[in-house]
Each structure stands twice: as structure tokens, then as C-alpha cells.
Number of protein chains: 2
Amino acid sequence: MAGKQRVEQAVVSVKRGVAQAESICKQNHARLTPLRRRVLELVLISRKPVGAYKLLEDLKHDDFSDAPPTVYRALEFLLTHGLVHRIAKSNTYVACTHPHDDHHGLMFVCRECGEAIESEEHRLLQDIGRCGDEHGFRIPNQIVEIEGICSACRMN
Amino acid sequence: MAGKQRVEQAVVSVKRGVAQAESICKQNHARLTPLRRRVLELVLISRKPVGAYKLLEDLKHDDFSDAPPTVYRALEFLLTHGLVHRIAKSNTYVACTHPHDDHHGLMFVCRECGEAIESEEHRLLQDIGRCGDEHGFRIPNQIVEIEGICSACRMN
DNA sequence: TTATGTAACGTTATAATATAACATCTTCAG
DNA sequence: CTGAAGATGTTATATTATAACGTTACATAA
């Protein structure tokens with residue numbers, strides 16, 4: 001069944017995501033503490049970008065403090081190390097699918113269902129950089145957020 | 001003096017912006033009421049993207065209600081008619097510099113000073129649309145927000 | 001090994017941004 | 001003029017995020 005397979009894939013990708021995070025944190029001499037690891041897992045488990053207070057709900061069930069700074073501090077850490085991205089238009093957070101340094105990218109976000117797909121289109125990002133230059137802007141590594149409608153939602 | 005000239009230009013552009021808005025609203029059978037016009041003026045006057053509560057402050061001095069819905073409703077109207085844009089990363093609002101229908105665009109936003117420059121790079125926007133297509137995303141007209149550092153801030 | 005400084009986390013309070021819901025007033029088509 | 005839709009006023013509250021300060025855990029150097 002498609003559902004079961006998808007869940008199994010998700011479990012695998014959570015494991016892989018955490019493993020990548022371990023490796024990156026090691027490189028950066030950063031500590032992936034139980035709390036931070038758990039927040040990352042929750043973001044990885046979520047199939048869509050997820051809000052901070054939703055994560056906080058889930059953390060409650062895990063004996064962590066249920067006060068907002070708990071989740072916001074963990075998210076800040078994960079953002080700093082490029083393990084998750086923040087989607088400004090929906091105030092949500094999503095796991096990075098290509099976590100490594102110098103990470104440019106496009107993030108397509110469905111305005112209907114919230115699904116987000118990350119893409120690394122090198123040439124396009126270069127063009128955006130050039131366009132910024134023309135206006136005096138230097139564009140640092142970042143995720144450019146683009147709102148659209150995904151194919152699934154167009155069917156409905 | 002550069003300062004004076006800039007203020008005069010600003011006044012001109014406020015007049016022009018309001019005139020364009022008048023025209024667009026007329027076309028759309030929409031009413032640019034005193035409140036909405038005033039909010040648009042305030043956004044036009046501001047040299048940088050401005051927050052809703054800052055606008056609300058200014059509205060107080062003009063005998064409008066100082067409750068949040070006042071400004072948010074006016075902003076919603078202006079957004080709907082493409083007269084202002086919302087910058088999600090900073091929760092701010094900025095006047096559109098090319099107000100017309102079917103408006104695609106890039107918005108470069110300085111992460112230091114907040115300055116925003118709007119650009120219509122037709123080819124680049126097409127490329128972004130194509131890239132979305134490849135991932136099953138349909139990209140409607142919208143402003144793509146890109147964070148960077150402006151030349152003035154790089155000097156400092 | 002213990003002292004010690006820094007990082008992480010807990011806790012309380014509050015800031016900043018935005019919307020819901022309902023009452024009243026205005027406008028304008030018929 | 002009137003009635004319906006639109007615009008605004010008003011009160012309350014939701015949602016997202018951070019400040020400030022105390023405590024605990026951790027790395028590491030003496």
C-alpha cells in the first residue's frame with residue numbers, strides 16, 4: 001500500500017537525516033543534544049513544514065519543557081547549522097533536504113497544502129545573484145521561497 | 001542639498017503613486033477610501049518597508065481608529081489590488097513600484113537596513129516559472145523575496 | 001580530580017504581529 | 001427612498017516570538 005511504503009520511507013529518511021545532522025554537527029564542533037535531535041526528528045517526521053507551537057505540543061510528550069523558548073532555541077540551532085529552513089510566508093520550519101555548507105536553493109511552497117519542495121538549480125541561483133549585483137545587492141547563501149500550487153492540489 | 005531633493009522627489013512619487021492607485025481602483029471598481037488612501041500615502045512616504053503597527057501609530061494622528069483591524073484591513077485591500085507588497089521575512093509592507101495587473105517581480109531586501117528594491121526581470125521570472133513546472137508547481141504572479149545586503153550597507 | 005567558565009536548558013513574563021466577531025455607519029443600485 | 005453590500009469602529013483574543021534571569025550539564029585546564 002502506498003501509505004505504508006511512504007511511512008517506511010519516512011522512517012528511513014528520518015534516520016538518514018539525523019545521521020547527516022550528527023556528521024555536520026561533529027564537523028562544526030556543535031552539540032546535537034537530545035532536545036535538538038528530537039526537534040530535528042519531529043521536523044523530519046512531518047511531511048510538511050511545521051509550526052513552532054505544533055513542535056512544542058509534541059515535545060510535551062517527551063518530558064521536555066513546554067515553554068516556547070525550548071523549541072525556538074532548538075530551531076535556532078538547527079537553522080544556524082543549515083539543518084532546517086524557515087518558511088517565512090507560513091511561519092513554519094522544514095528539514096533541509098541537502099544539508100551541507102554553502103547551501104543555496106529554491107523552495108517551492110504550495111499555498112494550498114503547504115507542501116514544500118527544495119531544489120538546487122545552480123544556474124538559476126547564479127542568475128538571481130547576478131540580478132542582485134545589478135541592483136547593488138550582494139546575495140548570500142540562502143533559500144529563496146517561491147509560492148505556487150502543487151500538482152496534487154491542482155487536481156482537486 | 002541631497003536631502004531636500006530626495007524629499008521633493010518623494011513628495012512627487014507619493015502624488016504619482018496615489019494617482020496610479022486612483023486609476024487602478026477605478027478600473028477595478030474598487031473604492032480607494034480616505035483610510036485606504038491614507039495608508040497608501042504612509043507606505044509611499046516611508047522610504048523603507050514599514051510595519052503595520054508603525055502605520056497604525058501614524059493613523060492615530062489622522063483621526064482614524066487606532067485599533068489593529070483598521071490598518072490590517074486597509075493593507076489587505078492594497079495588497080489585493082497590487083498597490084503594496086508584503087515582505088514576509090520582516091513582516092513589513094512596501095509600495096509597489098510598478099502597479100499594474102499580472103505583476104511578477106523580484107524584491108531585493110537588505111537584511112541590514114531593510115531597504116527593498118523591486119525588479120522586473122522578465123527572463124529570470126520565466127526561468128523560475130519553468131523550474132517550478134519541473135517540480136509540478138504552477139507559479140502564479142507573485143513577488144519573489146530575496147534577502148541580501150545593499151551597497152550602502154556594505155560600505156559601512 | 002576538582003575547579004571553573006561556557007553552553008544548554010528551565011521558567012516566567014511579555015513583546016510583536018494578526019485576526020475573529022459583532023455593531024454601526026456609508027454608499028449606491030434599483 | 002430603501003435595502004443590501006461594503007466599509008469602519010470596537011472589543012477581545014489568537015498566533016508567533018523573544019527577553020531576562022536562574023539553574024544545570026559539560027568540557028577542559030590546573
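Chain letters run A, B, ... following the sequence lines, proteins first, then strands; residues in each count from 1. What's counted below: heavy atoms across the whole structure, side chains too, no hydrogens, waters or symmetry copies.
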Checklist entry - Can you name the side chain to side chain contact (heavy atoms under 4.5 Å, CB included) partners of A/K89, sequence neighbours left out? => result A/E145, A/E147, B/A88, B/Q142

Next on the checklist: Check A/R37 with A/E22, please: is the shortest side-chain N to carboxylate O separation under 4.0 Å?
Outcome noted: yes

Item to check | From B/K54, B/R86, B/H85, residue fulfilling side-chain hydrogen bond (donor to acceptor under 3.5 Å, both in side chains) relative to B/Y93 | outcome: B/R86

Checklist entry - Which of residues 30-41 of chain A have a heavy atom under 4.0 Å from DNA chain C? => result A/R31, A/T33, A/L35, A/R36

Checklist entry - Which residues pass the side-chain hydrogen bond (donor to acceptor under 3.5 Å, both in side chains) test with A/K26, sequence neighbours left out? => result none

Item to check | Bend angle of the helix from C/dT1-D/dA30 to C/dG30-D/dC1, end axes from five pairs each (to 10°) | outcome: 30°

Next on the checklist: Using a 4.0 Å cut-off on heavy atoms, which residues in residues 70-87 of chain A reach DNA chain C? List them by number, or say none.
Outcome noted: A/T70, A/R73

Next on the checklist: Please determine whether side chain to side chain donor-acceptor pair (under 3.5 Å) holds for the pair A/E121 and B/H135, giving the CA-CA distance in whole Å, both sets of side-chain angles, and the decisive distance to 0.1 Å.
Outcome noted: CA-CA 12 Å; A/E121 293 287 335; B/H135 294 82; 4.7 Å; no

Checklist entry - For D/dA17, does either OP1 or OP2 sit under 4.0 Å from a side-chain N or O belonging to A/N91? => result yes

Next on the checklist: Check this for me: does any side-chain nitrogen of one of A/R154 and A/E112 sit under 4.0 Å from a carboxylate oxygen of the other?
Outcome noted: no

Checklist entry - In the hydrophobic clustering that connects Ile, Leu, Val, Met, Phe, Trp and Tyr at side-chain heavy-atom distances below 4.5 Å, which members other than B/V109 occupy its cluster, ordered by chain and number? => result B/I87, B/V94, B/M107, B/I143

Checklist entry - Rounded to whole angstrom units, what separation is found between the CZ atom of B/F64 and the P atom of D/dT10? => result 13 Å

Item to check | Presence of donor-acceptor pair under 3.5 Å, side chain of B/Y53 and base of C/dA18 | outcome: yes

Next on the checklist: Just verifying a value: how many Å separate A/I146 CD1 and B/I146 CD1, rounded to the nearest 0.5 Å?
Outcome noted: 8.0 Å

Item to check | Out of C/dT11, D/dT11, C/dA18, whichever nucleotide has its closest atom nearest the side chain of A/P69 | outcome: C/dT11

